[in-house]
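Just so you know, these numbers come straight off a predicted model, no measurement behind them.
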Amino acid sequence: MHRFLLTVVSILAISVAALLWQLVLLRIHVAFAADQVRNFQDAVTRSLRDPQSADENLEYVKFYYPSGTKQRTGTTLDSLVESVRKQCLKEIEQSLRDRPDAQGLAP
């Protein structure tokens, strides 16, 4: 009986440790996603404040940690980050089209 209880407690301890590790990893991935989203939104803000920086910001958003680098491709967080990236790219492209010297700069 004593051995059985020791086995059960060991299994529970390992399970709790595994769950805690998963929680730590989730928090890391959420922090990465929040950072990516914040950087994309900051690039839009910079483009609107300084239209001459829009080209540079467009490239930054396109290539800043592409899908599969900070988030596993196909996960919910990856989808959210890529959705925000897509929206921010549209906003920056629009700012390029609205720029006084715009001559078909944005695709």
Contacts of R85 that satisfy salt bridge (Lys or Arg N to Asp or Glu O under 4.0 Å) - sequence neighbours left out: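 Counting only residues at least two positions away or on another chain, R85 forms a salt bridge (Lys or Arg N to Asp or Glu O under 4.0 Å) with E82.
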
Listed partners of E56 passing salt bridge (Lys or Arg N to Asp or Glu O under 4.0 Å), at least two apart: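 In terms of salt bridge (Lys or Arg N to Asp or Glu O under 4.0 Å), with neighbours along the sequence ignored, E56 is linked to no residue.
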
Hydrophobic cluster membership, V30 vs Y65, 4.5 Å side-chain cutoff: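 Hydrophobic grouping puts V30 apart from Y65.
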
Shared hydrophobic cluster, Y64 / F32 (ILVMFWY, side-chain heavy atoms < 4.5 Å):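 No: no chain of side-chain contacts under 4.5 Å links Y64 to F32.
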
Non-hydrogen atoms of [X] and [Y] that approach each other most closely:
{"X": "D78", "Y": "G74", "answer": "OD2-N, 3.1 Å"}
{"X": "G68", "Y": "T73", "answer": "CA-OG1, 3.2 Å"}
{"X": "F40", "Y": "V84", "answer": "CD1-CG1, 4.2 Å"}
{"X": "A54", "Y": "I92", "answer": "O-CG2, 3.5 Å"}

What distance do [X] atom [atom1] and [Y] atom [atom2] have between them, rounded to the nearest 0.5 Å?
{"X": "Q52", "Y": "L96", "atom1": "CD", "atom2": "CG", "result": "9.5 Å"}
{"X": "D98", "Y": "E93", "atom1": "CG", "atom2": "CD", "result": "12.0 Å"}
{"X": "L5", "Y": "L12", "atom1": "CG", "atom2": "CG", "result": "10.5 Å"}
{"X": "S47", "Y": "L58", "atom1": "OG", "atom2": "CG", "result": "7.5 Å"}

With C88, the side-chain contact (heavy atoms from CB on, under 4.5 Å) member among V44, V37, T45: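 The option that passes is V44.
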
Criterion side-chain contact (heavy atoms from CB on, under 4.5 Å) against Q22, the qualifying member of L20, V24, L25: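 Answer to the side-chain contact (heavy atoms from CB on, under 4.5 Å) test with Q22 among L20, V24, L25: L25.
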
Side chain to side chain donor-acceptor pair (under 3.5 Å) assessment of Q41 paired with R38: CA-CA 5 Å; Q41 292 170 334; R38 190 171 30 259; over 6 Å; no

Ion pair D35/K70, N-O distance below 4.0 Å: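 K70 and D35: salt-bridged.
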
Listed once per pair and sorted, the ring-ring contact (aromatic ring centres under 6.0 Å, His included) pairs that draw on residues 71-94, sequence neighbours left out: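 Sorted pair list comes back empty.
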
Under 3.5 Å donor-acceptor, S83 side chain and S79 backbone: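 Answer holds: no.
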
Check: Q71 side chain, H29 main-chain N or O, donor-acceptor pair, under 3.5 Å: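 It does hold such a pair.
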
